[in-house]
Each structure stands twice: as structure tokens, then as C-alpha cells.
Amino acid sequence: MTTGNFFAIGEQKAFVAFSHGRFDKMEKYTPQEIEKKWQKVWEDEAVYKTERDDSRKKYYALEMFPYPSGNLHMGHVRNYSIGDVVARFKTMQGYNVLHPMGFDAFGMPAENAAIEHGIHPAKWTKDNIANMTAQQKGMGLSYDWDREAITCNPDYYKWTQWLFELVYKKGLAYKKAATVNWCDKCGTVLANEQVVDGKCWRCDSPVVKKDLAQWFFKITDYADRLLKDLSLLKGWPERVKTMQENWIGKSAGLEFSMEIPELGESVAVYTTRPDTAFGITFLALAAEHPLVEKICAKSDKADEIKAFCEKVRQTSDIERTAGDADKEGVFTGLYCINPFNGNKAQIWVTNYVLAEYGTGAVMGVPSGDQRDWLFAKKYGIDIILTLQPKGAKLKLADMTAAYVEKDGELVNSGRFTGMEMHAAMDAIMDEAEAKGFGKRRINYRLRDWLISRQRYWGAPIPIIYCDKCGEVLVPEEELPVKLPEDVKFESGAKSPLATSKEFVECRCPKCGGAARRETDTMDTFICSSWYYLRYTDPKNDSAPFAKGDVNYWAPVDQYIGGIEHAILHLLYSRFVTKVLKDEGLVDFAEPFTNLLTQGMVIKDGAKMSKSKGNVVSPEEIIGKFGADTARLFILFAAPVERDLEWSDEGVEGSFRFLSRVWRILDIKADAINSGNDAYDAATLTADEKKLRGQLHRTIKKVTVDIGERFMFNTAISSCMELVNHLYTFQDKELNPDLARETAKNLLLMLAPFAPHITEELWSKFFVGSVHKQSWPKCDEAATVENEIEIVVQVNGKVRDKLVIAADADKTAQEEAALALPKIKELTAGKTVVKVIVVPKKLVNIAVK
RNA sequence: GCGGACGUGGCGGAAUUGGCAGACGCGCCGGAUUUAGGAUCCGGUGUCUUACGACGUAUGGGUUCAAGCCCCUUCGUCCGCACCA
């Protein structure tokens, strides 16, 4: 028998001659041997190699590439199993499918390994990638490995640096001194998106504030488009879109200025409730507001103010954002003027106004804002009522909270008194604009993306500092700026790159004078914000990708990954795609047309983790049962979007099912082999027709379940039902033609789930690779049943059943139901009020 | 506090459009086979009831000939947002 290719027909016959007969003569299902064999064949024969073909319809299936931690975990197995089903199914449906894999290979753990064990990050990463790739290959995934992208390779990060330069040239990258999020444990800064509940997203340790000069990407310039285009993403979960919407946090309001006579200056405030402006009794400043210093120069309370600000600055984000954090402040002794009515308002420095949002100064309206209410009550600040429900009278003395409804009528508001709230809002903004002290303004919660990292294992920022020329981009032809080898891996406020003399010292590209390189590296989220584009043209060394390739393959038709990236990676990728679109480098504005967020794999009700000791290793499971069983179980045990409870018994069940498939095809091997591919189904017995009917109903269901509903669990369960049905023929004659038809279609349907066993069985009976076949078609005629069972209800309760010709009309169905002895008995002596007939389903008789 | 998702046997889950609730799998019980065990094959398995039958999809109500599905109420679980002015 030849290896490295599929069996020829003669050889199949030889196999069958050997295998027919009773159980004890059978060849056992040994996944370990079969899987290795076919993985080698697929690789040798380049079965999953993909090429662009403009005459064919493409489909791009993608799973989020992993960080090379060293080992696959069950979450990866689930992710890749889902993606592989999609890719194989679409291939069988005739699409030209792109299904690539790679590694998000820059990042902290590699560097920590260097610090702790003295292994170079590059070596650590390379070894881990080798190990994980072997595990991925052991799963039998249909990747085109020739397209692999590894972000830490110079031929990849060259283009990450190129992307930085593009963003820079568009004026969307800038360096500025700012108060930034700092994670002590990681020894680096973090973008806002990477701080979760005041803690580092990666290591969970508290984030502190630090003043540093850092590089930013102006993602805020794209805030509105990132928000608006969410509506284009029909194939995204609503949940993810809502999260992005919240994150962007658009609000519309008025920015206006208030004079501070004692300083001869004015202060800008932003509000979404200009309708309440006549109720201003104080001004609340953030402790970090620039005006605070000037106030201190004038105020006799300078010491008290300074002490308060210091205290606020010391407070961590976790404490500051705690829901019940106390509102505190100090009165500065100074006043500002409400431009709407000329009233004086006390200026307070507070702990509840955010410096980063709006203008860092807020008008205090105790009657219309709960926070201001609490603050005013605490410090005895005046309260003026300006809004009340229509037709009702509010009395300040009776109120226990601010009136915050966006509904009602204005009071105590000068010429606006009596106006409906929304009309007043517009009128007040009109007045502010007309008089020139205010302007309508849109505000976003989204901040610019902080992209510098004080770490070694990342793509160096391609910037050179020259004393004469200032900040200069490294010329494109000199990219990549490679990572130096002679560094000291120590965590601290400075990047390890700063310890490499060879790296830091350079010539200015403009004037040729002595200059220094930027020593920060880029956030790894930049590397992963464009990798899906690189797959379309992974070996290109003159551009990140060719336009023809990227526009043929991308955008990604189906993206699959965890919900944890709902904001981070998915927001950054959308931003980068839009920048590239504006630059004319890609033709699409959104990178991922459809998004599937898979659920977690849990055990004993909790996420698998080393500390809980509930980790199940994929390697172990695959070693014991084979990859097909592991894949099948993980797809069968729960719908893809829901969390999946791991069950060792369930895995055995999946193995049992595959063994049953193996066995029944072996039992029927003679029939399958002697059957014809084309035959007249009319000659089948009644039992056989039933089997054939189920076969084609199964094809129909599986096609819909995989292709339209992503219900892989029910697709598999209907295949199980079909196999159960086939077993009713195990000791009975089965028409060879039908046996062949059933085996063929069953293998085709199972091929995306269990690629190895189906390939092995296919090779015993059919020619070529099962993975190169077309997806089966349902013969509608076969699914039609001659007789159907009808449910007969009396007053909505099932009382009997009725078998009737499938083409019986409504009247015949009703008559047959009423003629049933049991129904006659139940309706005797009662009045039939109504008879509802649902054709081919049920008859319901309402009686009194 | 606000927004969203979810709640079905002992367990994972199914029911796609308002039409037999519990498909399929696990577990459990029984039978066949076997020297035995295991494996395998077959059958059973929501609850109560001797049976007839009654009850049953978190809770209480409503719409309907008919509700797991639609409407309202309450409870619970999970997720997101939360001093964003």
C-alpha cells in the first residue's frame, strides 16, 4: 500500500476483503495512528494551501492568534475547533477559503522569563511557538501554514514600524507629557483600555498615576466614525457593540466660560444640561485643574487647597471610582460669574471632578444633579430649583434628592421660566452662542491611545531625537529598527533598550549629526491591530501587503475569539483599518464583517486555572482519545457562544460516537463497497426509504445548523441520530446503493468536525480526500413522507394521535381526527365550539 | 443605580415561525453477549399515581383554540457601564 497519497480503488477492495465479517475480526479505531498518518499526508500534499483566485468567491475565516505562552489550553482548542469547522465547511461549499494562523509574539512574559531565568526572549518565544505549533498541528487544523505571521520577526515588525510612520505622517501620532497609567509589576505604562477597575488587565495589580512623556495615537479623531460604523456591523454581537459604544461615550452639550473677576480670567465648563444653568451655585474644579495653582496665588486658603490636592492625587483610581466614594472639597474663597444671570458662584476644588474629561471644571447645580446635591448638602452651599415636572410644584424643603429627570418645566430661570425642558435646552444654548460665551460641543469618553511601553520585547518606535532637528522618523528604507542584543533586562521606569549604547547612539537622518534613538517600544496591540491583513500577502518585502491581495481576501468574513477583546483589540483594529482606508491602502472601513464570541471552557463551575487546580490539558485528552474526539466533544457539549462545562464522561461519549461510526461502516463495508453511486431510490424497501428520508433531512439540517446558525451542537446531534438509525440495519440487509449513499454523506457531514477519522474511512470506500469534496446536497424528494403523524388535542391537551396521508387536505385531516373513537368518547355530550386544523401538524378540538 | 443576556430532568443541553416540552449526549436502571470484568448491542429513564390520569420550562398574572416561546409582575444568576457633568 502506498503512503503519502490516497488509496487507489483496488487497494480499497483489498481492505474490505480483509475487514468484512463479525466484530472480532474488525480493525479497531486507533485515532493516534490515523491522526498522525493523515496530518503527514495533508502536509506532504499541501491540502490546505491557499491561493488567490480572482475568478472564485473568497471566504476569510480567522481565529484570534494566540500569545505564545508555550501550551495550548482548552480555550484555544475551542477557538480553533470552531474556526476549523467554518473553514472546512465553506471550502466544501466551493469558496476559496483563507484560513491562516500566527503568533502575537511580542509581550511581557517573554521578557519576564529573561529576567527570571536568563533565557533570551527571542529564544523563549521561538521555543514556545514551536511547541504550540506542534500542538496545533496535532489538532488537524486546516491552516495554510505558509502564511504564518509572527509579530516578533523583523520581517513583520518592519511593517508595524512602517504603520507607526504612516500614522505619524498623517499627524495622528504625537509625544506629550501626561499623567499616565503605570503598572509597577509590569514596569510600564498602560493605555486606558488596558486598565480594568483600576487594575492592570494583564497582571491584575493596581495601576498608579505617573507623569511621563509618552507616545499617543490620536484615536479620538476617529471617535465618531468608530461609533457610527458600529451600525455597519450587522454580524457582531449586540453586546460587543454596546460595550464599544459605552467606551467611546459620546455626549452632546454646551461648553461655556465663566469669568473669575478676582483673577481676571475665565474658566471653561462643559455640561450636557444647559437647561439647568440658572441653578448654578458653585463651580467644581478637578484637583489637577491648571487654575488651581493660580487660585492658590490669590487665595488665603492656599495651604489648605494644596494639602487637599495632594491628598486627592495620592488616592488610587480604585478608591476614586468606588461607587460610594465620599465627595469632598475645599472652598477657595474665590467666586466666578454665571454668564446667564450674573449670579456669583463659589469656586470649590473637589475630588469628584475628573481632570481628563470635558474641561476638568463642572458647573455645580445641586437641584439638578445628584452629585452636586450631595456636595452642596454636605457643605451648606445654596440650592436653586430650576426644573420641576409639568403641572407639579416641587419644594426644596421637601426634596431629599436632586430632580434629575429629563422632563419638565423650567422655574427661576429668568426669561426661560415656564419653557419645556428640551426647548429650553436649545434656547439656552442658542443664547450662549449668540452672546459668544458658549458653544455647542460633542464630547467623548474615549482617550487617545497611549502606545509607548518601557519594555524590551516589542517593536521599537522608529524615531530619532536630534538636538538640531528634533524628532525625526527613521527613513523607511532603514526599517526595521532592529532590537539590540546587548541589553540588560531589568524592570524600571526606563526601557531596557536605553541600556544598549549601540542602539541608542545613532546619526540624525536629516543632518547626519549625533542623535539618540527612542528607547520605548510599541504596545503589542499595535502588532495585533493589523496582522489579519498581513496574512493576505505574508511574504511581501516591499509593502505590508499588496492592494490586490488585501482587497481580494479581506475583510475577514468570520472572526472568532473571546469576549475579553470586546474593546481592546477589536477597537484598535477598527481604528487602524480606518486609517489605512483613509490612506487608500485598503478598500474597506471595517476589518471584521462577522464576529463570533465563544464562551469560556469551565470546570466545576469555574474558569480553568492553575490556582484552582481544575485545568484539563488538551495534550492529555488528545493523547488519550485523539484530536477528533476532543474537537467533537468541545463542539457538541454547548452552543459556541455559551460557556462550556468540561466533562470527562462527555469526552468518552464523543469517543464512543466516533467508534460507533467506525464500527457500523465496517459492518456494512461489503454493502458500501458494492453499491453504486447512482441508483433508483424507488426500489428501496419501506424501512430503507425511511433511512434515506432521514439521511436527507439530516443533510438539510446540518447545512443550516453549520452555515446559518452556528449551532454545531445540534448539527452533531442529528448526525448521531442518523447513525443510531443506521444501527437498526446492523443485523439486517441494507441495500448496497443506499448503504453507499449514507456512508458517503455521513462522512462528508462529519468531515469538518472530525477530519481524521472521516478521511480514513473515506479512503477505504471512496477516492481522493474527503476534504476536497463538495458539501452534500439534500434531495428534497427523499425528505417527503407519504404518511405523517398528526396530534389530536381536545381543549389544547393531547388526547390521541393519527397517521394520515401526507397529501390529505384540511378537511380530511379534521374528519379523520373527529372520527377517532377516543376523541368521540371525549367529546360525547359536549358542544364542539371550534376546530383548529394546522395542516400536517395537529387538530385541536375546543369543546364545552 | 443604569443597560443587557439568561433561568427547561440527576447533569450538559434541544425545541429554527406560538402547534406533541425534554431531541442528542452524559449518568442511572434492566436485558443480551461473555468463564468473569470491561467493551459492545438492545430497551428503559421529567414528577406524582396501582391504574385511569394529573402536574410540569425560576415566580405570580395576562393574551390565545394552543405559550418554554408573546405581554406584564416578582425573584435569582451572569456580564457590561457607573462620580463622564
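This is a predicted model, so every value here is computed, not measured. Letters go in sequence order (proteins before strands), and every chain restarts at 1.
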**Student:** So what does A/T242 touch, heavy atoms closer than 4.0 Å: a base, only the sugar-phosphate, or nothing?
**Tutor:** nothing
**Student:** Nearest heavy atom decides the nucleotide; on that basis, is A/R709 or A/G249 closer to the 5' end of RNA chain B?
**Tutor:** A/R709
**Student:** How far does the C1' atom of B/U57 sit from the matching atom of B/G13, given to the nearest Å?
**Tutor:**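 One C1' to the other, the span is 13 Å.
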**Student:** For B/C81, does the base pair up with any side-chain atom of A/N246 as donor and acceptor (N or O, under 3.5 Å, distance only)?
**Tutor:**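 Not at all, since no donor on one side and acceptor on the other fall under 3.5 Å apart.
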**Student:** With a 4.0 Å cutoff (strictly under), does any side-chain N or O of A/R642 reach OP1 or OP2 of B/A14?
**Tutor:** yes
**Student:** Taking 4.0 Å as the cut-off, does a side-chain nitrogen or oxygen of A/Q730 come that near to OP1 or OP2 on B/C42?
**Tutor:** yes
**Student:** Base, sugar-phosphate or nothing for A/M363? Non-hydrogen atoms, less than 4.0 Å.
**Tutor:** nothing
**Student:** Provide the distance between the two C1' atoms, one in B/G46 and one in B/U34, to the nearest whole Å.
**Tutor:**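 These two C1' atoms come out 35 Å apart once rounded.
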**Student:** Mind checking if A/E652 touches a base, just sugar-phosphate, or nothing, with heavy atoms under 4.0 Å?
**Tutor:**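 Contact class for A/E652: none.
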**Student:** Output yes when at least one side-chain N/O atom of A/Y727 is less than 4.0 Å from OP1 or OP2 of B/C41, else no.
**Tutor:** yes
**Student:** Taking the same atom, C1', in B/C69 and in B/U63, what whole-Å distance lies between them?
**Tutor:**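 My reading of the C1' atoms in B/C69 and B/U63 gives 14 Å.
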**Student:** Looking at A/K841, I'd like to know whether one of its side-chain N or O atoms comes within less than 4.0 Å of OP1 or OP2 on B/G19.
**Tutor:**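 It does not, given that no N or O in the side chain of A/K841 lies less than 4.0 Å from OP1 or OP2 of B/G19.
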**Student:** Ignoring backbone atoms, test whether A/R656 places a side-chain nitrogen or oxygen under 4.0 Å from the OP1 or OP2 oxygen of B/C41.
**Tutor:**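 It does not, given that no N or O in the side chain of A/R656 lies less than 4.0 Å from OP1 or OP2 of B/C41.
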**Student:** Looking for any heavy atom pair under 4.0 Å, which part of the strands does A/N443 touch: base, sugar-phosphate only, or nothing?
**Tutor:**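 Contact class for A/N443: none.
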**Student:** Looking only at side-chain atoms of A/K834, point me to the closest of B/C65, B/G19, B/A14.
**Tutor:**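 For the A/K834 side chain, the nearest candidate turns out to be B/C65.
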**Student:** Nearest to the side chain of A/Y357, heavy atoms from C-beta on, is which of B/G53, B/A85, B/C65?
**Tutor:** B/A85
**Student:** When you measure from the centre of the six-membered ring of A/F753, is the NZ or CZ of A/R631 under 6.0 Å away and within 45° of the axis?
**Tutor:** no
**Student:** Tell me if the side-chain of A/K801 makes a donor-acceptor pair with the base of B/C20, cut-off 3.5 Å, by modelled atom types.
**Tutor:**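 Pair found.
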**Student:** For B/C20 and A/R799 - does any side-chain N or O of the residue sit under 4.0 Å from the phosphate oxygens OP1/OP2?
**Tutor:**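 The answer is no; no side-chain N or O of A/R799 sits under 4.0 Å from OP1 or OP2.
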**Student:** Within the structure shown, what part of the strands sits under 4.0 Å from A/G653 by heavy-atom distance: base, sugar-phosphate, or nothing?
**Tutor:** sugar-phosphate
**Student:** May I ask you to evaluate whether A/Y352 reaches the phosphate of B/A85, defined as a side-chain N or O under 4.0 Å from OP1 or OP2?
**Tutor:**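 False: A/Y352 side-chain N/O out of range (4.0 Å or more) of B/A85 OP1/OP2.
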**Student:** Could you give the distance separating B/U17 and B/C2 at their C1' atoms, to the nearest angstrom?
**Tutor:**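 Approximately 34 Å lies between the C1' atom of B/C2 and that of B/U17.
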**Student:** Would A/K311 and A/F308 count as a cation-pi pair here, with the cationic atom under 6.0 angstrom from the ring centre and within 45° of the axis?
**Tutor:**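 No, A/K311 does not lie over the aromatic ring of A/F308.
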**Student:** Does a side chain donor of either A/R660 or A/N724 reach within less than 3.5 Å of an acceptor in the other side chain?
**Tutor:** yes
**Student:** Expressed as a whole number of Å, how far does the P atom of B/G1 sit from that of B/U74?
**Tutor:** 13 Å
**Student:** Taking the side chain of A/R445 as heavy atoms from C-beta outward, which of B/A14, B/C81, B/C41 is closest to it?
**Tutor:** B/C81
**Student:** Determine whether the aromatic ring centres of A/F633 and A/F625 lie less than 6.0 Å apart.
**Tutor:**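 Between A/F625 and A/F633, which both carry aromatic rings, the centre distance is not below 6.0 Å.
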**Student:** With rounding to whole Å, what would you report as the distance between B/G9 and B/C83 at their C1' atoms?
**Tutor:**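 Nearest-Å result for B/G9 against B/C83 at atom C1': 47 Å.
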**Student:** Under 4.0 Å between any heavy atoms, over every strand shown, what does A/V833 touch: base, sugar-phosphate, or nothing? Just pick one.
**Tutor:** nothing
**Student:** Under 4.0 Å, heavy atoms only, any strand: does A/S251 hit a base, just the sugar-phosphate, or nothing?
**Tutor:**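 The answer is sugar-phosphate, as A/S251 gets under 4.0 Å only of primed atoms, P, OP1 or OP2.
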**Student:** Can you tell me how far P in B/G19 sits from the matching atom in B/G68, rounded to whole Å?
**Tutor:**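 It works out to 10 Å between them.
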**Student:** Just compare B/U16, B/A15, B/G80 and give me whichever is closest to any side-chain atom of A/V704.
**Tutor:** B/U16
**Student:** Quick check on the 6.0 Å ring-centre criterion: do A/Y270 and A/F256 meet it?
**Tutor:** no
**Student:** State yes or no: are the ring centers of A/F655 and A/Y29 separated by less than 6.0 Å?
**Tutor:**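 Between A/F655 and A/Y29, the centre distance is under 6.0 Å.
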**Student:** Going by atom types alone, do A/S251 and A/N443 pair a side-chain donor with an acceptor below 3.5 Å?
**Tutor:** no
**Student:** Verify the contact: side-chain N or O of A/K797 to OP1 or OP2 of B/C55, cut-off strictly under 4.0 Å; return yes or no.
**Tutor:**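 For B/C55, OP1/OP2 do have a side-chain N/O of A/K797 under 4.0 Å.
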**Student:** Can A/D643 and A/K607 be counted as an ion pair, charged N to O under 4.0 angstrom?
**Tutor:** no
**Student:** Write down the distance separating the P atoms in B/C20 and B/C42, rounded off to the nearest Å.
**Tutor:**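 Each nucleotide's P atom is 28 Å from the other's.
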**Student:** For B/G9, decide between syn and anti, treating a glycosidic angle within 90° of 0 as syn.
**Tutor:** syn
**Student:** Using a 4.0 Å heavy-atom cut-off, does A/Q793 contact any base of the nucleic acid, only the sugar-phosphate backbone, or nothing at all?
**Tutor:** base
**Student:** As a test of reading the structure: which of B/C24, B/G19, B/A21 is closest to the side chain of A/V838, going by heavy atoms?
**Tutor:** B/G19
**Student:** May I ask you to evaluate whether A/N713 reaches the phosphate of B/G12, defined as a side-chain N or O under 4.0 Å from OP1 or OP2?
**Tutor:** no
**Student:** At 4.0 Å (heavy atoms only), tell me whether A/N724 reaches a base, stays on the sugar-phosphate, or touches nothing.
**Tutor:** sugar-phosphate
**Student:** Tell me which nucleotide among B/U16, B/C20, B/G25 gets nearest to the side chain of A/E789.
**Tutor:**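 Comparing B/U16, B/C20, B/G25 against the side chain of A/E789, the answer is B/C20.
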